[in-house]
Amino acid sequence: MTTSDFAQRLVRALGPDTVLTAADDIAPWLSDWRGLYNGQAQAVVRPRTTEGVAQCLALCQQAGVPVVPRGGNTGLCGGATPDQAPANVVLSLDRMNAVRSIDTIANTMVAEAGCILGNLRRAAEDVNRLLPLSLAAEDSCQIGGNVSTNAGGVNVVRYGMTRELVLGIEAVLPTGEIFHGLRTLRKDNTGYDLKQLLIGAEGTLGVITAVALRLFPRNSVRSVVLAAVQSPEQALQLAELVNEQCGPRLQAYEFFTGDCVDLVLTHAQGVQEPFAQRYPGYVLMELADTADEDALNALLENVMGAALERELCLDAAVSTSLAQLQALWKLREEISEAQRADGPHLKHDISLPIEQIPAFMQSAEQRVRAAYPDIRPFIFGHFGDGNLHYNLSRPAGAPREWAAEQGDAVTDIVLDEVNRYGGSISAEHGIGQLKRDHFLHSKDPLELRLMRDIKRIFDPAGILNPGKLL
């Protein structure tokens, strides 16, 4: 069967409103957000129901046609971009965007995979609840993609990764069979927890169509502190104090360098210099509670007073209004967009034992600068949970092609240091295409064998998201 014949078979089965086959209609679905990867496909399928997804997968399985699941296209590792095989079918979940239920007694939400994360967070707020998963791309990313990549975000220090927020999953297997695991039970101790295999699998085992999520009481009171620090060591000492004094009220603890602030002030609109002078590093922490605002502010004042007295920070600014809170967060949230405006750069989403972060940053920079003296590091991340975005940009004046030409060699150095310190080469972005080779070389052989065995059980024909992860 030719690709055009199969595409028409999809049209006949699912309808012309569901299946795109014209080259101009397919083109926007063939590249990733960063422009690093471009592929081919014979069709884009946009079903509105789980049954439509099942019908598409069953047809593709019968014909041996590869399927690439796609969410909001905000991933940074090329995990939702097809490869160069003309037979690919891109399966988009964007039309499956209904909130099926919200239960304020059990504190659960059931949502379809194509729901935009920001819309789900607002839906929870409307009933005075909190969905704590929060990402810079939350008004574009989809919850199915968040679950498929086990996304992290800024609130992991308090609420954990996406995996810890998922109670149940509905998914379609490559055979077209529907996995009915959409339970909202807090306790279900009946054997293997199969949904956990689908979380973080990057669409290689099944296509997630709906998820049951945990909700929490809405934190009506929030306060943000931006603290200037001399070094990563000082940032960790400050973290220890804040954890001791504030406990579970601490829901975000971010770090970024002074170079990141320079970049944001250069490229972002509506951002202001936070202090009268530039400092080597900054910590952005957010506390939130259901208690009254005065109590939270008093706690913050005591903690930051102790921090300044113990010389655990150089200066500090505390938000006194929602506008100030948002302005302080903007310094952190605009870093990725500022790097994008600066030009091609090398992203390393890594995690480390938290106490090893300062030593890693020092040794990694020494090794990278020994090979590339004028490289520009822009380092930021979620210090509270050990996640660094160790990003590097081309030397000033270097051509835009520098990152593509030198990227593999630079990444080899960085990830070698990550492994040396017992870290992970992917903290929250997944593997996709970008990290596949490094993943296969750094992962324990037994783990890889078990993963391949699981892949063969779920997807014996190998049609789901080929070229990703394994």
Side-chain angles (χ1 to χ4, degrees), residues 152-154 156-157 161 226-244 250 252-263 278-285 307 310-316 332 335-336 339 345-393 395 406-429 431 435 438-439 441-444:
V154 297
V156 172
V157 68
M161 300 280 282
L226 182 69
V229 293
Q230 184 65 41
S231 64
E233 290 90 346
Q234 194 174 54
L236 289 186
Q237 292 167 1
L238 178 60
E240 184 176 10
L241 173 67
V242 173
N243 272 305
E244 288 175 355
L250 178 66
Y253 194 89
E254 304 288 297
F255 172 84
F256 47 95
T257 63
D259 291 330
C260 291
V261 174
D262 284 334
L263 195 70
R278 180 59 38 77
Y279 291 104
Y282 299 85
V283 166
L284 182 73
M285 66 185 88
R310 299 183 195 181
E311 299 183 345
L312 299 182
C313 64
L314 305 174
D315 203 346
R332 164 65 179 86
I335 295 173
S336 291
Q339 275 207 282
H345 52 278
L346 304 173
K347 286 179 174 287
H348 304 101
D349 163 50
I350 59 176
S351 65
L352 296 147
I354 296 176
E355 72 279 4
Q356 296 292 341
I357 289 176
F360 165 83
M361 289 179 61
Q362 182 178 20
S363 64
E365 181 169 1
Q366 288 174 348
R367 286 191 60 184
V368 169
R369 286 200 182 280
Y372 305 93
D374 298 323
I375 202 167
R376 294 178 297 146
F378 295 103
I379 303 166
F380 60 100
H382 318 298
F383 248 43
D385 55 54
N387 180 190
L388 274 188
H389 298 300
Y390 195 87
N391 295 352
L392 301 163
S393 289
Q406 304 296 331
D408 288 345
V410 175
T411 295
D412 286 344
I413 295 173
V414 174
L415 298 189
D416 182 63
E417 284 295 288
V418 171
N419 289 326
R420 191 164 75 88
Y421 281 92
S424 170
I425 66 170
S426 179
E428 60 180 359
H429 292 166
I431 299 299
K435 297 186 177 182
H438 284 284
F439 170 73
H441 283 101
S442 64
K443 203 70 173 174
D444 180 85

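Quantities reported herein were computed from a predicted structural model and do not represent experimental measurements.
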Notebook entry, point to check: Rounded to the nearest 0.5 Å, how far apart are CG of Asp412 and CD of Glu417?
Noted result: 12.0 Å

Check: At what distance, to the nearest 0.5 angstrom, does OG of Ser426 lie from NE2 of His438?
Finding: 12.5 Å

Margin query: Using a 3.5 Å distance criterion without hydrogens, assess whether the side chain of Glu428 forms a donor-acceptor pair with backbone atoms of Asp349.
Written below: no

Item checked: From CA spacing to verdict: side chain to side chain contact (heavy atoms under 4.5 Å, CB included), Val154, His382 -> CA-CA 7 Å; Val154 297; His382 318 298; 4.1 Å; yes

Check: Got Ser336 and His389 here, is their nearest side-chain heavy-atom distance under 4.5 Å?
Finding: no

Checklist line | Pairwise distance CZ(Phe380) to CG(Leu263) - rounded to 0.5 angstrom | finding: 9.5 Å

Margin query: How about CD on Glu311, more than 12 heavy atoms from neighbouring residues, nucleotides or ligands closer than 6.0 Å, or not?
Written below: no

Margin query: Quick check: do Asn243 and Leu250 have side-chain heavy atoms less than 4.5 Å from each other?
Written below: yes

Next item on the list: Please report the C-alpha distance between Asn391 and Leu346 in whole Å, then the side-chain angles of each, then the deciding distance to 0.1 Å, and finally whether the side chain to side chain contact (heavy atoms under 4.5 Å, CB included) criterion is met.
Entry: CA-CA 6 Å; Asn391 295 352; Leu346 304 173; over 6 Å; no

Notebook entry, point to check: Hey, what do you get for CZ (Phe360) to OG (Ser351), rounding to the nearest 0.5 Å?
Noted result: 10.5 Å

Check: Does the side chain of Val283 come within less than 4.5 Å of Leu226's, by heavy atoms?
Finding: no

Next item on the list: Using atom types as modelled and distance alone, determine if a side-chain donor or acceptor of Ser424 lies under 3.5 Å from a backbone N or O of Ala427.
Entry: no

Item checked: Minimal non-hydrogen separation, Ser363 against Tyr421, with atom names -> OG-OH, 3.1 Å

Check: Quick check: are there more than 12 heavy atoms from other residues, nucleotides or ligands sitting under 6.0 Å from CG of Asp408?
Finding: no

Checklist line | Test of ring centre spacing under 6.0 Å for His348 and His429 | finding: no

Check: Which heavy-atom pair separates Ile425 from Ser442 by the least distance, and what is that distance?
Finding: CD1-OG, 3.8 Å

Next item on the list: Kindly give the heavy-atom pair with the smallest separation between Phe383 and Met361, and that separation in Å.
Entry: CZ-SD, 4.3 Å

Notebook entry, point to check: Less than 4.0 Å between a side-chain N and a carboxylate O, is that true for Arg367 and Asp416?
Noted result: yes

Checklist line | Interatomic distance, Leu352 atom CG to Arg420 atom CZ [nearest 0.5 angstrom] | finding: 11.0 Å

Checklist line | Considering all heavy atoms, the nearest Ile350-Asn387 contact | finding: O-ND2, 2.8 Å

Item checked: Student check: side-chain heavy atoms of Val229 and Leu314 closer than 4.5 Å -> no

Item checked: Any side-chain heavy-atom pair of Leu392 and Tyr390 under 4.5 Å -> yes

Next item on the list: Provide the closest heavy-atom pair for Pro395 versus Arg376 in the form atom of the first, atom of the second, distance.
Entry: C-NE, 4.2 Å

Next item on the list: Can you see which heavy atom on Leu238 is nearest to which on Ala227, and at what distance?
Entry: CD2-CB, 4.0 Å

Next item on the list: Please work out which of the three classes, parallel, tilted or perpendicular, describes the rings of Phe256 and Tyr282, given edges at 30° and 60°.
Entry: parallel

Item checked: Inter-residue atom distance Lys443.NZ - Asn419.CG, 0.5 Å rounding -> 10.5 Å

